[in-house]
Number of protein chains: 4
Amino acid sequence: MAQDITNDGVAGEELKQFVERIERLEEEKKGISDDIKEVFAELKGRGFDVKIVRKIVQIRRQDASERQEQEAILELYMQALGMQ
Amino acid sequence: MAQDITNDGVAGEELKQFVERIERLEEEKKGISDDIKEVFAELKGRGFDVKIVRKIVQIRRQDASERQEQEAILELYMQALGMQ
Amino acid sequence: MAQDITNDGVAGEELKQFVERIERLEEEKKGISDDIKEVFAELKGRGFDVKIVRKIVQIRRQDASERQEQEAILELYMQALGMQ
Amino acid sequence: MAQDITNDGVAGEELKQFVERIERLEEEKKGISDDIKEVFAELKGRGFDVKIVRKIVQIRRQDASERQEQEAILELYMQALGMQ
DNA sequence: CGCTTAATATAGCCAC
DNA sequence: GTGGCTATATTAAGCG
């Protein structure tokens with residue numbers, strides 16, 4: 001348990017496990033970020049404008065989250081009206 | 001090809017492929033971020049101090065990049081001194 | 001006040017003051033950047049290696065911020081241990 | 001001279017002077033950056049939208065540099081035509 | 001002038 | 001829910 005950290009190393013071992021899990025996940029995340037960069041490099045090589053494609057992705061993301069929000073509101077209203 | 005973008009939709013199709021690849025990768029990335037959050041929640045539940053664990057992870061990351069940096073400096077100096 | 005911005009120009013005047021203050025400051029900043037460039041040009045003219053001097057400045061900056069960081073970590077741990 | 005750097009410390013002293021000049025200038029620059037941040041904080045406190053004001057400043061900057069460019073071109077043309 | 005690194009701006013997260 | 005802080009994304013600068 002965490003309070004043992006200064007006593008017998010038991011919590012130390014547990015902490016180490018957590019830290020390493022986090023580090024593995026962050027590495028994976030970094031790998032994916034690198035993949036995304038590669039895709040941008042590729043589309044640039046194909047003659048597309050990186051800045052604009054970035055903008056498009058951003059707009060689509062916003063639109064998606066707005067749509068979700070709309071649906072959430074709809075659901076809320078329907079619940080309020082006993083329609084669901 | 002990208003220049004066809006306003007003509008016949010060929011580039012439009014290619015662009016769509018790229019955008020979708022990016023979106024898939026970003027989703028994966030988001031999933032991993034969520035996993036990391038879960039790990040922090042878990043270790044918090046086990047009695048560890050989230051802020052400090054975050055700091056530990058950050059320090060280990062810095063140490064790693066510092067080691068790389070040292071090597072880069074060494075190389076730079078060796079180049080400057082014509083030793084390489 | 002800012003909400004008047006579409007009404008009577010009062011906020012417009014205030015905004016203008018802010019924007020001009022920012023622009024003056026950015027000009028000053030640009031001037032200093034130019035001064036720094038001049039110093040690098042000068043030391044280059046004196047036979048020093050610009051790239052390496054840049055690195056030295058960067059390292060000194062990092063060292064300073066690392067020292068601060070160490071203190072921050074110490075404080076964090078002391079807080080966590082209820083020593084403060 | 002810079003080549004003495006490994007010999008007698010003369011160049012070392014000169015280098016130190018340069019580094020310190022750069023550091024002083026970078027501090028000044030940082031001070032101004034902080035001032036700019038303060039102005040943004042202030043205008044935010046007055047009810048203005050920071051992001052939008054930033055955009056305005058950026059646009060004005062672009063316009064200014066475009067105007068300068070136009071003038072440079074004009075001058076060039078006038079010179080080419082022997083009008084100046 | 002394009003490509004890589006540094007500075008800045010934005011967004012997300014956590015604590016209060 | 002607001003404000004500070006960290007992390008990410010964007011933009012600018014420097015270098016070859």
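A, B, ... follow the sequence lines: proteins, then strands. Residue 1 opens every chain. We use all heavy atoms of the structure for the numbers below, so side chains are in, but hydrogens, waters and symmetry mates are not.
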Visitor: Starting from C1' on E/dA9, measure out to CD1 on D/I56 and report it in whole angstrom.
Guide: 16 Å
Visitor: Tell me whether A/E23 is salt-bridged to B/R61, with the criterion being a basic N under 4.0 Å from an acidic carboxylate O.
Guide: no
Visitor: Return the 5'-most residue of the pair B/Q58, A/R61 with respect to DNA chain F, ranking by each residue's nearest nucleotide.
Guide: B/Q58
Visitor: How about C/E13 and C/Q17: does a side-chain donor come under 3.5 Å of a side-chain acceptor?
Guide: yes
Visitor: Are A/R46 and B/F18 in a cation-pi contact, defined as NZ or CZ under 6.0 Å from the six-membered ring centre and within 45° of the axis?
Guide: no
Visitor: Would you call D/K37-D/D34 a salt bridge at under 4.0 Å N-O?
Guide: yes
Visitor: Send over the distance from A/K55 NZ to E/dT10 C1', rounded to a whole Å.
Guide: 11 Å
Visitor: Would you mind reporting whether B/Q58 and B/K55 have side-chain heavy atoms less than 4.5 Å apart?
Guide: yes
Visitor: Between protein and nucleic acid, restricted to nucleotides 12-16 of chain E and to nitrogen or oxygen atoms under 3.5 Å apart, what atom pairs and distances do you find?
Guide:
from: E/dC13; atom 1: OP1; to: B/K37; atom 2: NZ; distance (Å): 2.2
from: E/dC14; atom 1: OP1; to: B/R54; atom 2: NH2; distance (Å): 3.4

Visitor: Under 6.0 Å from the OH atom of C/Y77, do we count more than 12 heavy atoms belonging to anything else shown?
Guide: yes
Visitor: For the residue pair C/I32 and D/L25, what are the closest heavy atoms and their distance?
Guide: CG2-O, 3.3 Å
Visitor: Is the shortest distance from a Lys or Arg side-chain nitrogen in B/K29 or A/E28 to a carboxylate oxygen in the other one below 4.0 Å?
Guide: no
Visitor: Taking 5' to 3' order, which nucleotide of DNA chain F is first and which is last to have an atom within less than 4.0 Å of a heavy atom in chain B?
Guide: F/dA7 to F/dA9
